[in-house]
Amino acid sequence: MTKKQSGIKKKEADKNRIQYLIESSLIDVLMLTPKPGLMDDYKSSGPDGSSMKDYLSGIRLIAPCLTELFFKGYSWTEEPEAMYPELHQLALKAAEEIIGANEGKNIRRGTVFTMGIICAAAGYDLAMRGENHVKSILSLARRITEKPMEDYYHEIETERPRTYGEMVYHKYGIGGIRTEAAAGFPIIRKVSYPAMAEYRRKYPDPEQNSAILINVLLHIMTALEDSDVISQSDPGGLHWVQNRARYILALGGAFTREGMDELWDWDEDCANIHISPVGSVDVLTATLFLWRLTGRIFEL
């Protein structure tokens, strides 16, 4: 059923609010500390040597692009399955413009892909239903990406890998975040969003919100087949990340002194062996954005 057929009056969307939710979610996750192997408010530079100023500059360039993708979904009048080609072209164009403007620093196509699909699905969902619901957004994300991702992997099977993600798929058969998107982001539906809800129920004091996000990040790390980590090492590196995250969660994560001490130690270990679980950060950002988009307050 398309929006024209739904019979629901289209709810007006506030562009400034949407862009604020996107940008604040990106910035809040960036500043979250400590994040093993990842840029945070404690470090003077990230794994690629870029400064916090570079990261913030990249976010302020990405946010308008993601807002445009939200409103592409919001204004879409056909079935969601037909949306992906236009989203892909918009994202490619925006990514190239952003990379040029920011000298190629801290502009991850993975961030644009993950958040872009979520934003477009959320825009379509709002216009279709008059409100946003996480399960509906993730279901729409699957409808938008399932067939294009199937075609994409079929196409690259006999081609030489052009990206790190394609190299990981060719060598290990792991599709990473594209596979997640094609399945409706089960990492969000089954892992990060339920973890966020449970921690918020258990720790309602806003002073605990940073600890909640760190622990949700750890939950993501235990479950995500992060192709970024594999490209930096191998499947053994991914298992190392997953097992270390499980161990820290067993200690209580960011809610205990033992967990925090282990987080700081792990941060040093990641720096020493050059592993950065950036795919997990993209999922955390999408989770926080969805939480706020559906009207749940989460201030840092």
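Values in this document were obtained by computation on a predicted structure and should not be read as measured data.
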Find the distance between [atom1] ([X]) and [atom2] ([Y]) and round it off to the nearest 0.5 Å.
{"X": "K147", "Y": "Y152", "atom1": "NZ", "atom2": "OH", "value": "15.5 Å"}
{"X": "C119", "Y": "Q19", "atom1": "SG", "atom2": "CD", "value": "10.5 Å"}
{"X": "Y247", "Y": "E258", "atom1": "OH", "atom2": "CD", "value": "9.5 Å"}
{"X": "I27", "Y": "L56", "atom1": "CD1", "atom2": "CG", "value": "6.0 Å"}
{"X": "I137", "Y": "F289", "atom1": "CD1", "atom2": "CZ", "value": "7.0 Å"}
{"X": "Q208", "Y": "N215", "atom1": "CD", "atom2": "CG", "value": "10.0 Å"}

Tell me, please, which residues at least two apart from E86 pass salt bridge (Lys or Arg N to Asp or Glu O under 4.0 Å).
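Salt bridge (Lys or Arg N to Asp or Glu O under 4.0 Å) check on E86 returns K72.
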
side-chain contact (heavy atoms from CB on, under 4.5 Å) between L290 and L138, worked out
CA-CA 10 Å; L290 287 170; L138 298 179; 4.2 Å; yes

Taking [X] for the side chain and [Y] for the main chain, is one N or O donor matched with an acceptor at less than 3.5 Å?
{"X": "E78", "Y": "M83", "value": "no"}
{"X": "D228", "Y": "P277", "value": "no"}
{"X": "S57", "Y": "K53", "value": "no"}
{"X": "W264", "Y": "D267", "value": "no"}
{"X": "S75", "Y": "F71", "value": "yes"}
{"X": "D125", "Y": "A121", "value": "no"}
{"X": "S192", "Y": "L284", "value": "no"}

Residue pairs, two or more places apart or on separate chains, that pass salt bridge (Lys or Arg N to Asp or Glu O under 4.0 Å) and touch residues 199-221:
E198-R201

Enumerate the residue pairs fulfilling salt bridge (Lys or Arg N to Asp or Glu O under 4.0 Å) with a member in residues 229-256, sequence neighbours excluded, ordered by first and then second residue.
R244-E262, R244-D269

Please find the pair of heavy atoms, one from [X] and one from [Y], that lie closest to each other, and give the distance.
{"X": "R292", "Y": "S24", "result": "NH1-OG, 3.4 Å"}
{"X": "P36", "Y": "M221", "result": "O-CE, 4.5 Å"}
{"X": "I248", "Y": "G259", "result": "CG2-O, 3.8 Å"}
{"X": "V112", "Y": "A91", "result": "CG1-CB, 3.9 Å"}
{"X": "V168", "Y": "I174", "result": "CG1-O, 3.7 Å"}
{"X": "T222", "Y": "Q242", "result": "O-CG, 3.6 Å"}

Under 30°, 30 to 60°, or over 60°: which ring-plane class applies to Y193 and W291, parallel, tilted or perpendicular?
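Geometry flag for W291 against Y193: tilted rings.
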
Output, in order, the C-alpha distance, side-chain angles, deciding distance and verdict of side-chain contact (heavy atoms from CB on, under 4.5 Å) for L218 and L263.
CA-CA 10 Å; L218 290 170; L263 276 164; 4.1 Å; yes

Considering only NZ, NE, NH1 and NH2 on the basic side and carboxylate oxygens on the acidic side, decide whether R257 and D261 come within less than 4.0 Å.
no

Heavy-atom distance under 4.5 Å between the side chains of [X] and [Y], does that happen here?
{"X": "L300", "Y": "L213", "result": "yes"}
{"X": "Y124", "Y": "I144", "result": "no"}
{"X": "L217", "Y": "K35", "result": "yes"}
{"X": "P80", "Y": "R143", "result": "yes"}
{"X": "M52", "Y": "L30", "result": "yes"}

Polar contact flag, side-chain donor to acceptor under 3.5 angstrom, [X]-[Y]:
{"X": "T33", "Y": "D41", "value": "no"}
{"X": "D282", "Y": "T111", "value": "yes"}
{"X": "S25", "Y": "D28", "value": "no"}
{"X": "Y199", "Y": "H219", "value": "yes"}

Given T294 and N132, is the side chain to side chain donor-acceptor pair (under 3.5 Å) satisfied, shown in steps?
CA-CA 6 Å; T294 52; N132 279 129; over 6 Å; no

Partner residues of Y203 under the ring-ring contact (aromatic ring centres under 6.0 Å, His included) criterion, sequence neighbours left out
F255

Sorted by chain and residue number, the ring-ring contact (aromatic ring centres under 6.0 Å, His included) partners of Y172 (sequence neighbours excluded) come out as none

Quick one: which of I214, V281, L288 gives a side chain to side chain contact (heavy atoms under 4.5 Å, CB included) with L32?
I214

I22 and side chain to side chain contact (heavy atoms under 4.5 Å, CB included): which partner among I59, L66, L293?
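Exactly one candidate clears the test, L66.
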
What about I118 and L92, same hydrophobic cluster or not, with Ile/Leu/Val/Met/Phe/Trp/Tyr joined at side-chain heavy-atom distances under 4.5 Å?
no

Would the number of heavy atoms belonging to other residues, nucleotides or ligands and lying under 6.0 Å from CD of E225 be above 12?
no

Mind listing the side-chain donor-acceptor pairs of residues 176-185 below 3.5 Å, one per line with the distance, residues two or more places apart or on another chain?
unit_1: E180; atom_1: OE1; unit_2: I187; atom_2: N; d: 2.9

Working for side-chain contact (heavy atoms from CB on, under 4.5 Å), residues W240 and I273
CA-CA 12 Å; W240 178 74; I273 62 177; 3.7 Å; yes

Criterion side-chain contact (heavy atoms from CB on, under 4.5 Å) on V241 and W266, from CA distance to verdict:
CA-CA 9 Å; V241 167; W266 190 19; 4.0 Å; yes

Carefully, step by step, assess Y169 and Y153 under the rule ring-ring contact (aromatic ring centres under 6.0 Å, His included).
CA-CA 9 Å; Y169 178 74; Y153 284 117; 4.5 Å; yes

